[in-house]
> 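Quick one: this structure, given as structure tokens, is what I'll be asking you about.
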Amino acid sequence: MSETTIVEALNQAIAEEMRRDESVYCLGEDISSLDGGYGGAWAVTKGLGEEFGAERIINTPISEILISGVAVGSAMVGMRPIADLQYGDFIFCMMDQLVNQAAKMKYMSGGTVEIPMVLRAPVGASTRGAQHAQSLEAFFTHVPGLKVICPSNAYDAKGLLKQAIRDNSPVICFEHKKLYGGKRKEEGALSPSSVIPDEDYVIEFGKAAVRREGEDITIVANLLMLHRAMEAAEILSKEGISCEVIDPRTLLPFDFETVFESIKKTSRLMIVHEDNYTNGWGSELSAKVAEEAIYYLDAPIKRVASYDVPIPFSPVMENYVIPNVDRIVEGARNLMQS
Amino acid sequence: MANKKVSKDQMVEMYKEMYLIRKYEERIYYLFLEGTMPGSIHQSHGQEASAVGMLYGLRDSDYMASTHRPAGHDLAKGVSLKSMMCEMFGKANGCCKGKGGAMHTGDIKVGAIPANAIVGGNIPIAAGIGLALKMQKKDDVVVCFFGDGASNEGSFHEGINGAAIWDLPVIFVCENNLYGASTPYRTVSKVQNIADRASSYGIEGYSVDGNDVLAVHEIATYAVNKARNGLGPTLIELKTYRIPGHSRSDACAYRNKDEEKQWFAKDPITSFRKTLMDLGVKEEDIISLENKIDEEIEEAVEFAIASPDPLPEDALNDVY
């Protein structure tokens, strides 16, 4: 048992799975530190090159089509690749391999081919401008054949990533730049460390976690927004508004049942995500509640999300675009009055 | 270059495979004209020497990655004729259970990965299979087919460069049939021999007559041996010509009739048949094996038509 940051938890998950199963390997830009590289842009693979060698921690050219295509091809014939993206936004360079190839290969082959690959992609705004900032989850929750996970603390990061590596479907793991923890401090970053058990564990996909119990409002939020929602819930509790905060943990599959159970009790639903408002993953959750659980609600669903603009650079503007604690608190107050 | 002698018996086997592809494609074409087969078709007749010359003699454990024009490659790699035909009809016992269709046929049990209908999409995938084989310390290889059109995709650049830097056992085979759909290759690249691009990745490249099955097999043997011995990838350009249009509705109005005439005179089947006869194979023996293949194809068509459709709700399986 030891206190661990997300970056350490991800590193442990990869190392333990690589020790357990020799078909697991990593590939990506700058991920090794042998002959170039620095353990990955966020140091998640730090030290792994030294332990596993250049054959299993593979530094690649700056070639996202290659990285994703090699992951698909090697997964098809018995390997379990973990592909690394420095910034999630670069994922658009590999869309064909993810959406047309990885996601469809099992289906098109009549179930005879499987693609057990993982792609890790850091998301979230961090004063780097619009091409190093986006929250990308909803692009991929739309794709049958993919799974999408988004750990918000170290315990989940380790358990979900291990499950992803063992899963026989392609899994995209979205990690938030401001949640990695450790030495590299981003402005406004948190370090959601956890006490992690020594023994091996995995976390099943499609199981949300209730992070705070409450009676008046259900707030569903992921990644950095989960932490801001928790902070908002604390403020709101002092005003007599009791919030239940749910972390979906995986977005595809999504645990709708836990949300339905919660709103049965609270009758009010607020969804908070850093992805922009229109057609973010909150849109699907809203539609699902409208279809299957509308009668539990006493008020319209409230969504708090980034505004529908590319992410601006200036910290002043970036902080305005991304939901902050005040906006979540304000949203909750309005929701209580409606 | 190593020229492994091909025996007369082996040549007859190669001819059988080429003839099977030709007749399969012709039969498919008529089934389409009749309206009995659904979907679209991208046919490979005219390019049989490329498929058979490259794949003849490979192991089941060697891999092959094909394109939207996969029938010749799949048959030459050993995918069963009946399972191919059933897939063309969208039947439950097709090689992809009816979920793939004409552009995704394959059977990984014989090394034919599902064919890829995104131009160039299979190139980095082939590099990935090559990387896996290397990591697994196997001496199997990957043959990756694509057309001239794919050579202008980013995946061509990234995939071949990756295979080159890691010395992967991949043979990249560009079937240059002169047209990307209707667009002449000469209008889309300053480099007229696609094999010349190999030098920009630091690997060997060869341009070969893709209608001469023995010439194709000779370069294939060289590149496969090289790959098996850990000496990395080769880019092979096979100059060839498709007999039909790009797809079912293409009447080839963009092709010059003189050009067609010249290429059709170099038909790989008729010329190889003549080679066999020149070597002393009796025409009656050739006709007898041709008749047998004709019968097999008819059997496969009847089998496919009589085969069950998938259940509609089977569409919901095999996603995860």
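Numbers restart at 1 for each chain; the letters A, B, ... are given by sequence-line order, proteins then strands. Worth saying up front: this structure is predicted, and the values here are computed from it rather than measured.
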> Going by heavy atoms in the side chains, are A:S109 and B:I108 under 4.5 Å from each other?
no
> For the pair A:M105 and B:I125, evaluate side chain to side chain contact (heavy atoms under 4.5 Å, CB included) and give the outcome as yes or no after the intermediate values.
CA-CA 11 Å; A:M105 204 56 78; B:I125 292 175; 4.2 Å; yes
> Could you walk me through whether A:I58 and B:W166 pass side chain to side chain contact (heavy atoms under 4.5 Å, CB included), step by step?
CA-CA 10 Å; A:I58 302 174; B:W166 295 322; 3.6 Å; yes
> Do A:K104 and B:H104 have side chains that get closer than 4.5 Å, going by heavy atoms?
no
> For a side chain to side chain contact (heavy atoms under 4.5 Å, CB included) check, start with the C-alpha distance between B:L131 and A:Y25, then their side-chain angles and the critical distance, and finish with the verdict.
CA-CA 11 Å; B:L131 181 70; A:Y25 76 99; 3.7 Å; yes
> Given the options A:S169, A:C93, A:S23, which has more heavy-atom pairs under 4.5 Å with chain B than any of the others?
A:S169
> Under a 4.5 Å cut-off applied to non-hydrogen side-chain atoms, are B:Y320 and A:K147 in contact?
yes
> Decide if atom CD1 of A:I62 counts as having more than 12 heavy atoms of other residues, nucleotides or ligands within a radius under 6.0 Å.
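Incorrect, the count does not exceed 12.
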> For a 4.5 angstrom cut-off between non-hydrogen side-chain atoms, does B:C96 reach A:M108?
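Heavy-atom side-chain distance check fails, nothing below 4.5 Å.
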> I'd like to know which of A:T112, A:N168, A:V113 tops the heavy-atom pair count under 4.5 Å against chain B.
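Answer, by heavy-atom pair count under 4.5 Å with chain B: A:V113.
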> So how far is it from A:L66 CG to B:H157 NE2, rounded to the nearest 0.5 Å?
9.5 Å
> Within this structure, what is the CD1-CZ distance for the pair A:I65 and B:F156, rounded to the nearest 0.5 Å?
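If I round to the nearest 0.5 Å, the distance is 13.0 Å.
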> Taking side chain as everything from C-beta outward and backbone as N, CA, C, O, which of these in A:V171 sits under 4.5 Å from a heavy atom of chain B? Side chain, backbone, both or neither.
neither
> Within this structure, what is the OG-CE distance for the pair A:S74 and B:M135, rounded to the nearest 0.5 Å?
7.5 Å
> Give, for atom CD of B:E158 and atom CD of A:E64, the distance between the pair rounded to the nearest 0.5 Å.
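It comes to 7.0 Å.
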> Measure A:T60 against the heavy atoms of chain B and call it side chain, backbone, both or neither at under 4.5 Å.
both
> With rounding to the nearest 0.5 Å, note down the distance linking OG in B:S155 to CD in A:Q101.
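Reported to 0.5 Å precision, the distance equals 9.0 Å.
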